[in-house]
Amino acid sequence: MERDRRLPARVRIVDVGPRDGLQNEKATVPTEVKVALIEALADAGVPSVEATSFVSAKWVPQMADAAQVMARVRRRPGVTYAVLTPNLKGFEGALAAGADEVVVFGAASEAFSRKNINCSIAESIERFAPVAKAARDAGIRVRGAISCAVGCPYQGDVDPASVGYVAKLMRDIGVQHAGVADTIGVGTPTAVKRAMEAALAVFPLDEVSGHFHDTYGMALANVYACLELGVSTFDASVAGLGGCPYAKGATGNVATEDVVYLLHGLGIATGIDLAKLRAAGRMVSGHLGRPTNSRVARALDARDAPSGIGTPA
Ligand code: HMG
Ligand code: MG
């Protein structure tokens with residue numbers, strides 16, 4: 001496929017399925033399933049996996065086994081294993097676990113910040129500052145996630161200026177990368193581009209990413225819109241798993257399989273083997289006892305299923 005030269009030649013996918021995908025599951029997912037999923041994603045060529053969160057188990061019980069997950073995963077050289085760290089306590093866990101990258105997660109909405117991490121935006125930055133410093137001192141990369149970058153379940157529309165404001169605060173404390181997150185999947189391309197441009201006024205093109213939940217089915221359109229801006233890193237979740245416990249009704253991230261299909265169709269390299277990725281999605285969906293949320297996986301499964309139509313005798 002001849003690539004449209006205006007789009008990036010290569011995209012880096014961060015699979016957030018083991019973290020964002022599983023954090024909302026009511027039934028405890030066994031540690032060995034999480035480990036198998038992370039390993040299957042790395043084996044499929046995913047360059048970066050958000051493996052777990054070092055957060056309070058009272059707030060997010062599903063992530064209570066963060067240290068065990070990190071200890072058991074067989075690391076594949078060259079793959080980044082990232083974890084969420086809301087504060088220094090979380091960072092200490094991440095450091096002990098040998099995380100390659102930590103993610104501090106703030107919001108462009110005050111109301112969401114309070115619901116998700118129990119503090120204001122300004123207080124969140126105060127908590128993130130020592131995390132960013134400790135991480136940089138330890139040679140660990142720090143990403144920042146900016147939730148509710150286009151819409152908030154409590155506040156409604158979010159002004160791009162709020163994204164720019166949080167991005168600046170994050171940059172000033174040493175955060176190296178801004179993830180623009182549509183937590184509840186309400187964004188459409190123009191709104192998402194505006195939010196992304198606000199982050200791009202603060203961070204360079206190769207240090208921003210898109211994180212789009214697919215609640216309204218807009219995520220792929222939003223990925224494409226950001227490709228047009230030159231953005232070349234996207235979070236996605238295998239099998240479209242997930243949702244945020246503090247964003248009612250929000251569904252999972254855009255399915256990694258669907259993003260990879262889109263990118264490969266556009267002639268954009270990802271390094272990911274779609275067949276192996278699909279197998280990872282099948283494995284975790286099988287464990288959860290649910291059909292995949294990936295349209296591409298469903299289509300390929302239907303294509304590959306025995307037709308059921310008998311051959312004429
Ligand atoms: P808090 O209650 O305000 O914190 O929670 P605290 O400092 O007062 O501590 C309360 C208790 O939590 C204490 O334990 C601490 O030790 C413990 P106790 O004395 O009561 O037994 N604690 C911790 N335990 C383990 N790890 C830690 C930790 N910190 C304190 N790191 C806190 C504040 C941030 C900890 C809490 O609100 C929390 O854990 N929230 C989790 C939020 C979360 O994980 N949300 C989902 C991920 S974000 C997301 O999905 C959005 C994203 O995908 C982008 C998008 O889509 O928008 C990234
Ligand atoms: Mg998310």
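First listed ligand is number 1; within each ligand, the first listed atom is number 1.
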For the residue pair [X] and [Y], establish whether any side-chain heavy-atom pair is separated by less than 4.5 Å.
| X | Y | answer |
| --- | --- | --- |
| Ser232 | Arg12 | no |
| Arg19 | Val83 | no |
| Trp59 | Asn118 | yes |

ask   = So, Thr233 and Arg143: side-chain donor and acceptor under 3.5 Å apart, yes or no?
value = no
Surrounding [atom1] of [X] (heavy atoms of other residues, nucleotides or ligands, distance under 6.0 Å), is the total greater than 12?
| X | atom1 | result |
| --- | --- | --- |
| Arg171 | CZ | yes |
| Asp4 | CG | yes |
| Tyr261 | OH | no |

query = Which is closest to atom 47 (C) of ligand 1 in terms of heavy atoms, Gln23, Glu123, Glu50?
reply = Gln23
message = Counting only heavy atoms, tell me which of Gln62, Lys89, Glu92 gets closest to atom 28 (C) of ligand 1.
response = Lys89
List ligand 1 atoms under 4.0 Å from [X], heavy atoms only on the residue side.
| X | value |
| --- | --- |
| Arg127 | 33 (C) |
| Pro86 | 31 (N), 34 (C) |
| His213 | 56 (O) |
| Gly90 | 31 (N) |
| Asn116 | 37 (O), 40 (N), 41 (C), 42 (C), 43 (C), 45 (N), 46 (C), 48 (S) |
| Asn87 | 27 (C), 28 (C), 29 (N), 30 (C), 31 (N), 35 (C) |
| Ser147 | 51 (C), 54 (C), 55 (C), 57 (O) |
| Asn118 | 1 (P), 2 (O), 3 (O) |

Side chain, backbone, both or neither: which part of [X] comes within less than 4.0 Å of ligand 1 when only heavy atoms are counted?
| X | value |
| --- | --- |
| Ala181 | side chain |
| Lys115 | neither |
| Asp182 | neither |
| Thr183 | both |

task = Could you tell me whether Val55 and ligand 1 have an N or O pair separated by under 3.5 Å?
result = yes
ask   = If you measure every N/O of Cys148 against every N/O of ligand 1, is any gap under 3.5 Å?
value = no
Between the side chains of [Y] and [X], is the shortest nitrogen-to-carboxylate-oxygen separation below 4.0 Å, so that they form an ion pair?
| X | Y | value |
| --- | --- | --- |
| Arg72 | Asp65 | no |
| Arg74 | Asp43 | yes |
| Arg282 | Glu257 | no |
| Lys133 | Asp137 | yes |

message = How wide is the angle at the Mg ion (ligand 2) spanned by His211 NE2 and Asp20 OD2, rounded to 10 degrees?
response = 90°
message = When you measure from the heavy atoms of Met63 to every atom of ligand 1, does any distance fall below 4.0 Å?
response = no
message = Distance check below 2.8 Å: does Asp235 bring an N, O or S atom to the Mg ion (ligand 2)?
response = no
task = Identify whether Leu41 and Tyr81 are in the same connected component of the hydrophobic contact network (ILVMFWY, side-chain heavy atoms under 4.5 Å).
result = yes
